[in-house]
Amino acid sequence: MDFFVYGFWAAFILFVAFKFITSIRIVPTREVLIVERFGKYNATLEAGFHLLIPFIDRVSYKHTLKEQAIEVQPQICITRDNVQVKVDGILYLVVLDPQKASYGIDDYVYAAVQLAQTTMRAIIGTMDLDKTFEARANMNQKIVDILDQASESWGVRVNRYEIQNLTPPKTVIESMEKQKNSELKKRAEISLSEGDRNSRINRSQGLMQEAINKSEGEKQKWINESEGKAKEILAIAEATAKSIRKIAESISMKGGKDAVRLQVSERYISQLKKLAKENSDVIVPLDITSMESVTASIENFLNKTDR
């Protein structure tokens, strides 16, 4: 009997000692404790050393004030064009009011995840499949806005939501890959045709420019040759005119006529010598050997010039 009495008192003393020891609480940084007294909210203990009243005060809830990354499990959503897609994501939230987070809702993490999933299903139900891949940022923002409104009474703020994976069925993926391959092939053919067209245009423009350059060169060549011939003719004409003037002046001088007769006679005789070559047949007028007729013609010409 005494053994049981001693055991009871020993257990009671240990229990009291345990209560006194657990009444001493040290709260780490960025954490809070919710303390109740006789089952009613009493205080929020922040970082530091705190002493509770044994058997009266009780720590009911413990919260972290750090931003929490909560995984949203994959779920099946149906698009407006009746295609099933599997969607999962990450939810980022932070506790702003520990008292509301304790008494405003039973489990704010579970509630936030469920609301994110239902909102995602509702948003995807209003969109076609091809639009869901392009509108991730808009969907994320819509979920954040709806969660932020609902979580205000929970003492929680939702900072952002990020869709991790948006996976359509395998058959849809295969058809999308085929469509993408056909689009790539189409673009490649268009690029090749445009390249060939540009190449042909460049070649034709090069040939056209080459022909223009050649024609311009020929034109300039003809102009230069014509100008050269014109200058040559002009020079010959000027030289001939100058020679004629000199001859006329010489004829009008004393003894000029005799000099002309002598020079013409010499030229006449030299030309006759050239005609009289071996093995050559020449047909000439009958009076070509008559020196008197030649001199008479010259005399007649000189007399005309005197007039």
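Among all heavy-atom pairs drawn from Ile123 and Thr126, the shortest one is O-OG1, 2.6 Å. Across every non-hydrogen atom of Pro98 and His63, the tightest pair is O-NE2, 3.6 Å. Heavy-atom minimum distance, Ala101 versus Val95: CB-CG1, 4.0 Å. The minimum heavy-atom distance linking Tyr161 with Ala116 is given by the pair CE1-CB, 4.2 Å. Considering all non-hydrogen atoms of both residues, Ser151 and Arg157 come closest at OG-CA, 4.3 Å. The shortest heavy-atom contact between Val94 and Leu65 is CG2-O, 3.3 Å.
For Asp145 and Gln149, the side-chain atoms include no donor-acceptor pair closer than 3.5 Å. One side chain, Ser199 or Arg203, offers a donor N or O that lies under 3.5 Å from an acceptor on the other. For the residue pair Thr167/Asn165, the side-chain donor-acceptor check at 3.5 Å is not satisfied. Glu31 and Thr64 form no side-chain donor-acceptor contact under 3.5 Å, judged by distance and modelled atom types alone.
With contacts defined as side-chain heavy-atom distances shorter than 4.5 Å, the pair Ile163/Met120 qualifies. A 4.5 Å side-chain heavy-atom check between Val85 and Leu129 finds at least one atom pair inside the cut-off. Within the 4.5 Å cutoff, no side-chain heavy atoms of Leu147 are placed close to those of Lys142. Taking the side chain as every heavy atom from C-beta outward, Gln164 and Ile90 approach each other to under 4.5 Å. Within the 4.5 Å cutoff, the side chain of Val72 has no heavy atoms near those of the Asp88 side chain.
Atoms CD and CG, on Glu152 and Leu96 in that order, are 10.0 Å from each other to the nearest 0.5 Å.
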Glu67/Arg160 under salt bridge (charged side-chain N to carboxylate O under 4.0 Å, His left out): CA gap, chis, key distance, verdict = CA-CA 11 Å; Glu67 186 176 23; Arg160 60 189 181 277; 3.3 Å; yes
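Under the 30°/60° scheme for interplanar angles, the aromatic rings of Tyr41 and Tyr103 are found to stand perpendicular.
No continuous path of hydrophobic side-chain contacts links Tyr92 to Met139 [ILVMFWY only; heavy atoms under 4.5 Å]. Both Leu91 and Val87 are part of a single hydrophobic cluster, where members link through side-chain heavy atoms under 4.5 Å apart.
Panel note: side chain Glu225, backbone Gln220; no donor-acceptor pair is recorded below 3.5 Å.
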